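Shown next, in structure tokens, is the structure this report addresses.
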Amino acid sequence: MTGTVDATQELAVFLRSRRERLDPRDLGLPLRRQTRRTPGLRREEVAELAGVSTDYIVRLEQGRPLRPSSDVLEALARALRLAPHERAYLFDLAQQRQPQDGKPAETAAPELRQLVEDLAPLPAMVTNHRSDILAWNREMARLLLDFDLLPPRQRNSMWLCLLHPGMRDFFADRERSVREGIAGLRAAWAAHPEDPVLADRIDEFRSGSPEFAHWWDQRDISLNGRGRKTLRHPDVGSVTVRYEALLPLEDPDQRLIIYRAADPDSQAALNRLCDSASTAG
């Protein structure tokens with residue numbers, strides 16, 4: 001039986017297995033005269049690539065109760081050429097929070113962009129951790145506003161809620177919408193401490209919106225992946241939607257957000273919007 005995870009022992013076995021699968025020739029390491037008794041890299045070679053001592057690698061592979069730092073784990077992941085999902089596994093075993101890998105998403109993945117289109121007539125869009133809106137379908141544009149008419153920097157759900165004049169009264173419970181958005185943005189800020197674009201965006205909101213500055217200082221934290229909100233649409237009136245925010249495994253910095261009608265009247269309103277979107281298309 002497998003049982004629960006002995007993280008220290010599994011870390012030892014995992015590191016050894018990944019070391020043994022590597023070919024030193026693929027890493028540009030010089031071939032040594034000694035016959036290799038086991039496949040893969042030697043411990044001293046991994047130590048050299050990772051910038052740690054050979055003794056440290058030995059103790060890790062022996063299952064000693066060490067607590068490697070995130071910097072050491074990052075160095076090991078690079079040395080062992082770990083794929084993103086293997087890197088995440090390494091950090092989980094070591095019980096360390098995984099640093100963000102790669103650059104923040106600036107554009108929607110093509111597969112997600114197509115999925116957003118395929119979800120019609122459900123309004124759908126893709127955002128990143130900064131709340132930038134990266135992709136949307138016609139139904140979402142018809143429900144919220146025509147994102148194509150906005151400069152790219154203004155295609156941000158927090159900016160629209162706070163600073164776009166036409167959306168000032170769009171949310172029936174504006175305070176809750178603003179507070180939830182700020183609480184999610186604070187969580188993203190903590191998870192991406194070295195993102196200067198996000199930091200600049202928050203400074204922009206703090207200086208340009210007293211409302212944002214007030215609630216930001218409350219330090220509320222929340223991640224609302226599911227909920228309900230009522231919108232005041234200028235053409236069809238009140239629309240109450242349920243929303244789901246999904247995180248794709250292949251694109252963890254992107255969120256797929258889907259709206260569904262919460263009641264028959266709202267469904268009828270969305271149908272009218274969909275009909276007008278189809279006519280416009």
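Quantities reported herein were computed from a predicted structural model and do not represent experimental measurements.
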**OP:** For the residue pair Phe171 and Leu231, establish whether any side-chain heavy-atom pair is separated by less than 4.5 Å.
**Re:** yes
Original post:
Is it true that a side-chain atom of Asp253 and a backbone atom of Ala105 form a donor plus acceptor pair closer than 3.5 Å?
Top reply: yes
Subject >> Sidechain-backbone polar pair: Asp6 side chain, Gln9 backbone, donor-acceptor under 3.5 Å >> reply: yes
Original post:
Do the side-chain N and O atoms of Asp71 and Ser69 include a donor-acceptor pair separated by under 3.5 angstrom?
Top reply: no
Subject >> Ser209 side-chain N/O to Arg206 backbone N/O, donor-acceptor pair under 3.5 Å >> reply: no
**OP:** Determine, stepwise, if the pair Ser222 / Asn224 fulfils side chain to side chain donor-acceptor pair (under 3.5 Å).
**Re:** CA-CA 6 Å; Ser222 71; Asn224 296 300; 3.3 Å; yes
Original post:
Any side-chain heavy-atom pair from Leu145 and Leu150 closer than 4.5 angstrom?
Top reply: yes
**OP:** Grab the two heavy atoms, one from Ile221 and one from Ala187, that are nearest each other, plus how far apart they are.
**Re:** CG2-CB, 3.9 Å
Subject >> Pairs touching residues 180-190 that satisfy salt bridge (charged side-chain N to carboxylate O under 4.0 Å, His left out), sequence neighbours left out >> reply: Arg176-Glu180
Subject >> Separation of Asn271 CG from Glu139 CD (nearest 0.5 Å) >> reply: 11.0 Å
Subject >> Under 3.5 Å donor-acceptor, Gln96 side chain and Pro68 backbone >> reply: yes
Original post:
So does Leu249 have more than 12 non-hydrogen atoms from other groups sitting under 6.0 Å from CG?
Top reply: no
Subject >> side-chain contact (heavy atoms from CB on, under 4.5 Å) assessment of Arg179 paired with Asp220 >> reply: CA-CA 8 Å; Arg179 293 185 66 178; Asp220 294 332; 3.0 Å; yes
Original post:
Are the side chain of Asp146 and the backbone N or O of Ala141 linked by a donor-acceptor pair below 3.5 Å?
Top reply: no
Subject >> Hphob cluster co-occupancy, Trp159 + Val126, side-chain heavy atoms under 4.5 angstrom >> reply: no
Subject >> Asp263 and Gln267: side chain donor to acceptor below 3.5 Å >> reply: no
**OP:** Taking Asp195 for its side chain and Val197 for its backbone only, find out whether a donor-acceptor pair lies under 3.5 Å.
**Re:** yes
Subject >> 4.5 Å side-chain heavy-atom contact, Pro121 and Leu270 >> reply: no
Subject >> Heavy-atom check, side chain of Glu20 versus side chain of Ser17, under 4.5 Å >> reply: no
Original post:
Side chains of Thr240 and Arg228: does their closest heavy-atom pair fall under 4.5 Å?
Top reply: yes
Subject >> Heavy-atom side-chain contact between Val46 and Arg42 under 4.5 Å >> reply: no
Original post:
If you take all heavy atoms of Met158 and Val178, which pair is closest and at what distance?
Top reply: CE-O, 4.0 Å
**OP:** Keeping the roles fixed (side chain from Ser266, backbone from Ala262), state whether a donor-acceptor pair exists under 3.5 Å.
**Re:** no
Original post:
Is a salt bridge present between Arg16 and Glu10, judged by a nitrogen-to-oxygen distance below 4.0 Å?
Top reply: no
Report, one line per pair, each donor and acceptor closer than 3.5 Å where one atom sits in a side chain of residues 109-118; sequence neighbours left out.
residue: Arg113; atom: NH2; partner: Leu134; partner atom: O; Å: 3.4
residue: Gln114; atom: NE2; partner: Asp118; partner atom: OD1; Å: 2.9

Subject >> salt bridge (Lys or Arg N to Asp or Glu O under 4.0 Å) between Arg19 and Glu45, worked out >> reply: CA-CA 9 Å; Arg19 173 174 63 81; Glu45 292 170 330; over 6 Å; no
Original post:
Within the distance-only criterion (no hydrogens, no angle test), does the side chain of Arg155 pair as donor or acceptor with the backbone N or O of Phe147 below 3.5 angstrom?
Top reply: yes
Original post:
Can you name the closest pair of heavy atoms from Gly63 and Thr8 and give their distance?
Top reply: O-CG2, 3.1 Å
**OP:** Output all residues satisfying salt bridge (Lys or Arg N to Asp or Glu O under 4.0 Å) with Arg153, sequence neighbours left out; order by chain, then residue number.
**Re:** Glu204
Original post:
Are Glu86 and Arg81 close enough for a salt bridge, meaning some N to O gap below 4.0 Å?
Top reply: no
Subject >> side-chain contact (heavy atoms from CB on, under 4.5 Å) between Phe91 and Glu74, worked out >> reply: CA-CA 9 Å; Phe91 274 82; Glu74 193 65 58; 3.9 Å; yes
Original post:
Between Tyr56 and Glu61, do the side chains contain an N or O donor and an N or O acceptor separated by less than 3.5 Å?
Top reply: no
**OP:** Answer yes or no: is there an ion pair linking Lys229 with Asp173, defined by an N-O contact shorter than 4.0 Å?
**Re:** no
Original post:
Under 3.5 Å, side chain of His233 to main-chain N/O of Arg142, donor-acceptor pair present?
Top reply: yes
**OP:** Would you indicate whether the side-chain heavy atoms of Arg18 and Leu82 approach each other to under 4.5 Å?
**Re:** yes
Subject >> Arg130 with Glu106: basic N within carboxylate O range, under 4.0 Å >> reply: yes
Original post:
Is the backbone N or O of Leu66 less than 3.5 Å from a side-chain atom of Arg59, with the two atoms forming a donor-acceptor pair by type?
Top reply: no
**OP:** Tell me yes or no: between the side chains of Asp132 and Asn156, is some donor less than 3.5 Å from an acceptor?
**Re:** yes
**OP:** Take the angle between the ring planes of Trp189 and Trp216 and call it parallel below 30°, perpendicular above 60°, tilted in between.
**Re:** perpendicular
Original post:
Any side-chain heavy atom of Ile182 sitting closer than 4.5 Å to one from Phe205?
Top reply: no
**OP:** Verify the cluster assignment for Leu119 and Tyr243: are they in a single hydrophobic cluster under the rule of side-chain heavy atoms below 4.5 Å apart?
**Re:** no
**OP:** Take Arg168 and Glu211 through the salt bridge (Lys or Arg N to Asp or Glu O under 4.0 Å) test and state the conclusion after the steps.
**Re:** CA-CA 12 Å; Arg168 181 74 194 177; Glu211 185 179 22; 3.6 Å; yes
